[in-house]
Structure formats: C-alpha cells, structure tokens
2 protein chains.
Amino acid sequence: MKITLPALKIALSTNIKRLRKEQGISQEKLALKADIDRSYMSEVERCLANPSIEALLKIGNALEVTPCELLQLGKKRS
Amino acid sequence: MKITLPALKIALSTNIKRLRKEQGISQEKLALKADIDRSYMSEVERCLANPSIEALLKIGNALEVTPCELLQLGKKRS
DNA sequence: ATGTGACTTCTAGTCCGTA
DNA sequence: TTACGGACTAGAAGTCACA
C-alpha cells in the first residue's frame, strides 16, 4: 500500500525527536551539528518542511544514523 | 562513520535502476508512474539531482518500495 | 529509450527577529 | 528552549527541444 507524504513526514519528525532526546541535545544544538538552520530544523520536526536527501543526510550524520533509519515508519508487518 | 552525499546518491541511483529493471520498465514509464518528469528521473539515476523526500516517496510508491529502501546502501556489516 | 542543455517557476533552506 | 513570522537567496523541480 502507498505511503502518504504526511505519514512520511511524521515518521521523520518522530525519529528525529526520539534520537535527539536520547542524546539529550536541543534542537538548536542538533541544527548546529548538522550544519542546518535552527528554524528549518524546527520546521522539519513540525512536519512543515520537505527536506532533500542532502538535508536528511546531514541530520542523519549528526544523529549518527543512516538517512534510511530517519525515514523508518512505525514498524509494520508485511 | 559518516556517509557522504555522493555515496548516498549512488545508492539511490543503483536501487532505482535495479528495481526498475526487475520490473522491466523504462525510465520514461517509471517517471510517468511516479508523476515526475522524465528528464528529472534521468538526472536522479545519473546522481545529478538532490531529490526531496516527496520525490523519493513518489518514486518509491511507483516501484512499490518504501523511501527507506531506496536509500539503502550496499549492505555492510557493523 | 536516454542524455543533456537552456530556461522558468516555485520551494528548500538561510538569516533575522519576537513571544 | 522552542514556535513562529517575514524577507531573502540558492537550488529543487517542471517544460521543451534536440542529439
């Protein structure tokens, strides 16, 4: 079944928030580490942005996960 | 270790080409199915584009895989 | 069937501020 | 510390033509 864009954005947002909090860092610190703007990071977490794979990669590297993991949806069985 | 943007693009390109050929469809047909431009699809496969997660989603849906699978790097062990 | 160039439009992404 | 706004610039994405 097809995934929707909102669902994907929510998955991304959830994953970022979870990983960020696990590492105990603020949105701003993460943005700094990922070398992207803090207001844009905020938009990503609020599901307002539509980031490129480059942005995804930067965030992933800052959180030490693959871009793929950032997009992982809440697990489902086939 | 950090992933580089070129590496990610190559992974994406490779995955798209592989899946597309498995399904025996042309770049053009895939572009049509994904509702994106044929020339843009060509750029993605040649690692020239930096697609958004929306574009990723469209291509993934057309190929019936998750966006996550499209970004999967050539398997490596931890 | 695909690559590529030239061009346009729109949005990704930055930078600044305020609450 | 985060949400949210406006104004701006860089680059994603669409269209068309041609090799």
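Proteins come first, then strands; the chains are lettered A, B, ... in the order of their sequence lines, and each starts at number 1. Owing to the predicted nature of the structure, the values given are computational and were not obtained by experimental measurement.
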Closest nucleotide of DNA chain D for A:Lys17 versus for B:Asp35: which of these residues is on the 5' side? A:Lys17
Only one of A:Lys21, A:Arg20, A:Glu22 passes side chain to side chain contact (heavy atoms under 4.5 Å, CB included) with A:Arg18; say which it is. A:Glu22
Atom CD of A:Glu45 and atom P of D:dC4 are separated, to the nearest Å, by 12 Å
Restricting to non-hydrogen atoms, name the atom on B:Val44 and the atom on B:Ser13 that form the minimum distance, rounded to 0.1 Å. O-CB, 4.0 Å
Nearest-Å distance, CD1 (B:Ile16) to P (C:dT2)? 13 Å
For B:Leu63 and B:Leu30: C-alpha separation, side-chain torsions, deciding distance, then whether side-chain contact (heavy atoms from CB on, under 4.5 Å) applies. CA-CA 8 Å; B:Leu63 288 169; B:Leu30 176 57; 3.8 Å; yes
Heavy-atom donor-acceptor pair, A:Ser39 side-chain to C:dC15 base, under 3.5 Å: yes
How many Å lie between CE on A:Met41 and P on C:dT14, as a whole number? 9 Å
So, OP1 or OP2 of D:dT1: does either fall under 4.0 Å of a side-chain N or O from A:Arg20? no
Sorted by number, the residues of residues 48-70 of chain B with heavy-atom contact under 4.0 Å to DNA chain C: none
Nearest to the side chain of B:Ile36, heavy atoms from C-beta on, is which of D:dG14, C:dG3, C:dT2? D:dG14
Does B:Tyr40 or A:Glu43 map to a spot on DNA chain C nearer the 5' end, using the closest nucleotide for each? B:Tyr40
Just wondering, do B:Ser42 and B:Gln27 contact through their side chains at under 4.5 Å, heavy atoms? yes
Which heavy-atom pair separates A:Pro67 from B:Leu71 by the least distance, and what is that distance? CB-CD1, 4.0 Å
Output, in order, the C-alpha distance, side-chain angles, deciding distance and verdict of side-chain contact (heavy atoms from CB on, under 4.5 Å) for A:Asp37 and A:Met41. CA-CA 6 Å; A:Asp37 193 76; A:Met41 180 64 77; over 6 Å; no
For the pair A:Glu69 and A:Asn15, evaluate side-chain contact (heavy atoms from CB on, under 4.5 Å) and give the outcome as yes or no after the intermediate values. CA-CA 8 Å; A:Glu69 287 176 75; A:Asn15 288 326; over 6 Å; no
Protein-nucleotide distance (B:Asp37, atom CG; C:dG5, atom P), rounded to Å: 16 Å
Per A:Gln27 side chain, nearest of listed nucleotides D:dA3, D:dA13, C:dT4: D:dA3
Please confirm whether the shortest side-chain N or O distance from B:Arg38 to OP1 or OP2 of C:dA1 is below 4.0 Å. no
Could you check which of D:dC4, C:dA1, D:dA13 has an atom nearest any side-chain atom of A:Arg46? D:dC4
Report the distance from atom NZ of A:Lys29 to atom C1' of D:dT1, rounded to the nearest whole Å. 12 Å
Separation of A:Leu30 atom CG from D:dA3 atom C1', in whole Å? 16 Å
Could you state the atom-to-atom distance from CD1 of A:Ile25 to P of D:dT2 in whole Å? 10 Å
